[in-house]
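In each ligand, atom 1 is the first atom listed, and ligand 1 is the first ligand listed. Since the model is a prediction, treat every value here as computed from it, not as a measurement. Along the sequence shown, the residues carry numbers beginning at 1.
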Amino acid sequence: MTPTITAFERSPDRGQGLARDMRVRWALEEVGQPYEVRLVSFRAMKEPAHRALHPFGQIPTYEEGDLALFESGAIVLHIAQRHAGLLPDDANARARAIAWMFASLNTVEPPIIELQTARLLEGDKPWSEQRLPLVLDRIRVRLGELSTRLGDADWLDGAFSAGDLMMIGVLRRLRPSGLLDEYPDLAAYVARGEARPAFKRAFDAQLAVFTSGTPAG
Ligand code: GTB
């Protein structure tokens with residue numbers, strides 16, 4: 001059965017692939033599972049029909065027969081468990097790959113979201129100038145730790161896994177900030193992920209949504 005995911009009808013990132021449907025698209029491409037996309041507007045996301053799929057009125061969602069899922073991490077884990085290619089066969093290695101998925105979402109992404117909140121939503125507050133360096137430093141601590149663990153390896157734990165997919169998806173959100181460039185090994189890690197054919201197919205698919213909705217000229 002072909003799954004259907006949801007994505008922004010008009011992504012605020014203007015086709016940079018920073019919204020969370022990108023992780024789901026990438027996972028589906030990695031395992032060779034065709035999928036359909038239903039584009040939703042910001043208004044439609046908050047309506048009952050969409051909230052029945054996603055209680056918080058967000059994207060992405062995933063529908064496959066009787067199953068409806070929300071949360072990009074849960075969706076990618078579901079895809080990785082149902083198809084070969086994103087999780088190792090060895091039980092311990094599989095558990096570690098899943099730990100990296102959680103680490104990306106619970107340990108690395110929160111300060112990155114904080115930075116976006118500080119800049120986009122709180123940039124005009126009188127305390128913003130004092131807060132921003134604290135937030136930046138919290139991200140640097142995490143990036144330094146991640147860089148130390150990655151070392152000279154190509155991927156976080158052996159072969160490329162759903163753990164790398166999620167971590168790279170999270171790190172890509174730092175692109176606009178320039179912070180990733182302070183860690184050339186992490187920038188190279190992200191570039192390795194982006195060089196994967198499955199990533200490119202997913203990226204092009206989400207970019208096509210943006211370009212098809214952009215008036216020429
Ligand atoms: N924890 C959930 C998950 O992992 O799936 C978070 C889902 C989420 O935050 N979805 C966002 C959303 O639907 C889109 S990805 N927002 C609309 C709303 O809450 O009303 C977040 C995002 C948005 C925009 C950019 N960007 O423009 O660069 C990047 C990331």
| Contact check, Arg173 vs ligand 1, heavy-atom distance below 4.0 Å | yes
| message | Under a 4.0 angstrom heavy-atom cut-off, which atoms of ligand 1 come close to Pro60? | response | 5 (O)
| Whether Phe56 and Phe70 hold their rings parallel, tilted or perpendicular, with breakpoints at 30° and 60° | perpendicular
| said: Working note: Ser147 + Leu150, criterion side-chain contact (heavy atoms from CB on, under 4.5 Å); need CA distance, chi angles, decisive distance, verdict. | reply: CA-CA 5 Å; Ser147 160; Leu150 183 64; 5.8 Å; no
| message | Between ligand 1 and Ile59, is the shortest N or O to N or O distance under 3.5 Å? | response | yes
| field | Any donor-acceptor N or O pair under 3.5 Å, side chains Glu71, His54 | value | no
| remark: protein heavy-atom neighbour closest to atom 29 (C) of ligand 1 works out as Leu18 O, 3.5 Å
| message | Looking at Phe160, I'd like to know if the NZ or CZ of Arg196 sits under 6.0 Å from its six-membered ring centre while staying within 45 degrees of the ring's axis. | response | yes
| query | With side chains defined as the heavy atoms from C-beta onward, is the minimum distance between Ser161 and Met101 less than 4.5 Å? | reply | no
| field | Closest approach of any protein heavy atom to atom 8 (C) of ligand 1, naming residue and atom | value | Arg20 NH1, 3.2 Å
| message | Among all the protein's non-hydrogen atoms, which is closest to atom 19 (O) of ligand 1, and how far away is it? | response | Gln58 NE2, 3.0 Å
| Taking the non-hydrogen atoms of Phe70, is any one of them nearer than 4.0 angstrom to ligand 1? | no
| field | Closest contact, heavy atoms only, Pro3 versus Glu64 | value | CB-CB, 4.3 Å
| request: Answer with yes or no whether the side chains of Asp164 and Tyr189 bring together a donor and an acceptor at under 3.5 Å. | output: yes
| request: Assess Arg172 against Trp26: is NZ or CZ under 6.0 Å from the centre of the six-membered ring, and within 45 degrees of the ring's axis? | output: no
| message | Starting from atom 17 (C) of ligand 1, what is the nearest protein heavy atom, named by residue and atom, and what distance separates them? | response | Phe42 CE2, 3.8 Å
| note | Among Val76, Thr6, Asp13, closest by heavy atom to atom 26 (N) of ligand 1 is Asp13
| Tyr35 and Tyr62 aromatic centres sub-6.0 Å | no
| Closest approach of any protein heavy atom to atom 4 (O) of ligand 1, naming residue and atom | Ser72 OG, 2.7 Å
| Of the protein's non-hydrogen atoms, which lies at the shortest distance from atom 23 (C) of ligand 1, and what is that distance? | Phe8 CE1, 3.8 Å
| request: Identify the protein heavy atom lying closest to atom 20 (O) of ligand 1, giving its residue, its atom name and the separation to 0.1 Å. | output: Lys46 NZ, 2.7 Å
| For ligand 1, which atoms have a heavy atom of Met45 less than 4.0 angstrom away? | 13 (O)
| query | What residue and heavy atom of the protein are closest to atom 2 (C) of ligand 1, and at what distance? | reply | Glu71 OE1, 3.3 Å
